[in-house]
Colleague: 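Pasting a structure here, questions to come.
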Amino acid sequence: GAGGIYFAGGGIICPTCRQTKKYVGEQIADVGLKEISNLQVLLKGDWRTVNEFNLDESERKKLHKLIYEFVVFHSEKKIMDWTLPESIKT
């Protein structure tokens with residue numbers, strides 16, 4: 001099964017922990033290996049790698065949603081949505 005990103009805990013959690021956290025009402029973003037891999041490229045890549053990173057529209061939307069929800073959770077206030085730069089769109 002899919003794991004998740006536990007915003008309050010700051011990281012990726014296993015499927016069992018994801019179910020437990022969701023059951024008690026914690027905010028968890030469901031992710032699979034593809035989303036985790038894409039996040040790793042953005043987090044670990046240099047600017048050239050990030051600039052040349054290509055995603056299809058579906059992957060771009062998932063990644064954007066994860067990043068946006070993470071930022072909103074940790075800012076503790078409403079933040080207007082933004083779009084990813086053209087360079088990492090398809």
Side-chain angles (χ1 to χ4, degrees):
I5 295 180
Y6 179 35
F7 295 132
I12 297 170
I13 58 174
C14 72
T16 302
C17 292
R18 178 180 58 88
Q19 287 300 105
T20 302
K21 296 293 184 188
K22 279 189 162 189
Y23 180 76
V24 297
E26 294 280 357
Q27 183 177 357
I28 305 295
D30 296 330
V31 295
L33 292 176
K34 184 68 173 175
E35 291 86 12
I36 293 168
S37 177
N38 288 339
L39 283 171
Q40 286 178 328
V41 170
L42 294 179
L43 290 170
K44 295 180 179 180
D46 59 24
W47 284 111
R48 179 176 293 148
T49 302
V50 171
N51 190 44
E52 295 171 355
F53 190 50
N54 289 316
L55 300 168
D56 66 35
E57 187 66 14
S58 162
E59 292 172 335
R60 187 194 64 77
K61 285 180 179 181
K62 286 179 188 176
L63 192 58
H64 173 79
K65 185 177 186 291
L66 285 171
I67 294 169
Y68 177 73
E69 289 177 359
F70 181 84
V71 169
V72 168
F73 179 86
H74 285 286
S75 71
E76 298 181 356
K77 61 182 178 179
K78 197 168 195 169
I79 294 177
M80 287 184 54
D81 200 351
W82 67 87
T83 59
L84 292 172
E86 289 295 323
S87 60
I88 60 174
K89 290 183 181 180
T90 57

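Side chains are part of it too, since the values below use all heavy atoms of this structure and drop only hydrogens, waters and symmetry mates. One is the number of the first residue; the rest follow in order along the sequence.
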Colleague: Checking Lys65 now: which residues fulfil side chain to side chain contact (heavy atoms under 4.5 Å, CB included) with it, not counting sequence neighbours?
Modeller: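 Result, side chain to side chain contact (heavy atoms under 4.5 Å, CB included) vs Lys65: Glu69.
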Colleague: Roughly how far apart are Leu39 CG and Phe70 CZ, rounded to 0.5 Å?
Modeller: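 Output value for this atom pair is 10.0 Å.
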Colleague: Any salt bridge (Lys or Arg N to Asp or Glu O under 4.0 Å) involving residues 3-15? Give me the pairs, sequence neighbours left out, ordered by first then second residue.
Modeller: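 Pairs touching residues 3-15 that pass the test: none.
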Colleague: How far does CG of Asp30 sit from NZ of Lys22, to the nearest 0.5 angstrom?
Modeller: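 Asp30 CG to Lys22 NZ: 3.5 Å, rounded to 0.5 Å.
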Colleague: Holding to side chain to side chain donor-acceptor pair (under 3.5 Å), I want the full list of residues that pass it with Glu59, two or more places apart in sequence or in another chain.
Modeller: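 By the side chain to side chain donor-acceptor pair (under 3.5 Å) rule, Glu59 matches Lys34.
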Colleague: Side chain to side chain contact (heavy atoms under 4.5 Å, CB included) with Lys62: which residues, sequence neighbours excluded?
Modeller: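 Expected list: Glu35, Ser58.
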Colleague: Flag yes if more than 12 heavy atoms outside Leu43 fall under 6.0 Å of its CG atom; otherwise flag no.
Modeller: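 Yes, the 6.0 Å shell around CG holds more than 12 heavy atoms from other groups.
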Colleague: Give the minimum heavy-atom separation between Ala8 and Glu26, together with the two atoms involved.
Modeller: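 Minimum heavy-atom separation between Ala8 and Glu26: CB-OE1, 4.3 Å.
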Colleague: I need the Asn54 CG to Arg60 CZ distance, nearest 0.5 Å.
Modeller: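 Those atoms lie 12.5 Å apart.
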Colleague: What closest approach, in Å, do Val50 and Val41 show between heavy atoms, and which atom pair accounts for it?
Modeller: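 Closest heavy-atom pair between Val50 and Val41: CG2-O, 4.2 Å.
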Colleague: What are the two closest heavy atoms between Leu63 and Phe53, and how far apart are they?
Modeller: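 Minimum heavy-atom contact is CD2-CE2, 4.4 Å.
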Colleague: Share the residues that join Tyr23 in a hydrophobic cluster, the rule being Ile, Leu, Val, Met, Phe, Trp or Tyr side chains under 4.5 Å apart at the heavy-atom level.
Modeller: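 So far as hydrophobic clustering goes, Tyr23 is joined with Val24.
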Colleague: Mind checking the CG-CG spacing from Leu55 to Leu42? Nearest 0.5 Å is all I need.
Modeller: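 Taking CG in Leu55 and CG in Leu42, the distance rounds to 7.0 Å.
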Colleague: Could you tell me how the ring of Tyr68 sits relative to the ring of His64: parallel (under 30°), tilted (30 to 60°) or perpendicular (over 60°)?
Modeller: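 Taking His64 first and then Tyr68, their aromatic rings lie parallel (interplane angle under 30°).
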Colleague: Please give the remaining members of the hydrophobic cluster of Ile13, linking ILVMFWY side chains under 4.5 Å, ordered by chain and number.
Modeller: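 Hydrophobic cluster check, Ile13: joined to Tyr6, Ile28.
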Colleague: Using the test side chain to side chain contact (heavy atoms under 4.5 Å, CB included), find all partners of Glu76 that sit at least two apart in sequence or belong to another chain.
Modeller: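 Expected list: none.
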Colleague: Please name all residues satisfying side chain to side chain donor-acceptor pair (under 3.5 Å) with Gln27, sequence neighbours left out, ordered by chain then number.
Modeller: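 Expected list: none.
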Colleague: Not counting sequence neighbours, which residues clear side chain to side chain contact (heavy atoms under 4.5 Å, CB included) with Ser75? List them please.
Modeller: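 For Ser75, the residues satisfying side chain to side chain contact (heavy atoms under 4.5 Å, CB included) (neighbours in sequence not counted) are Lys77, Ile79.
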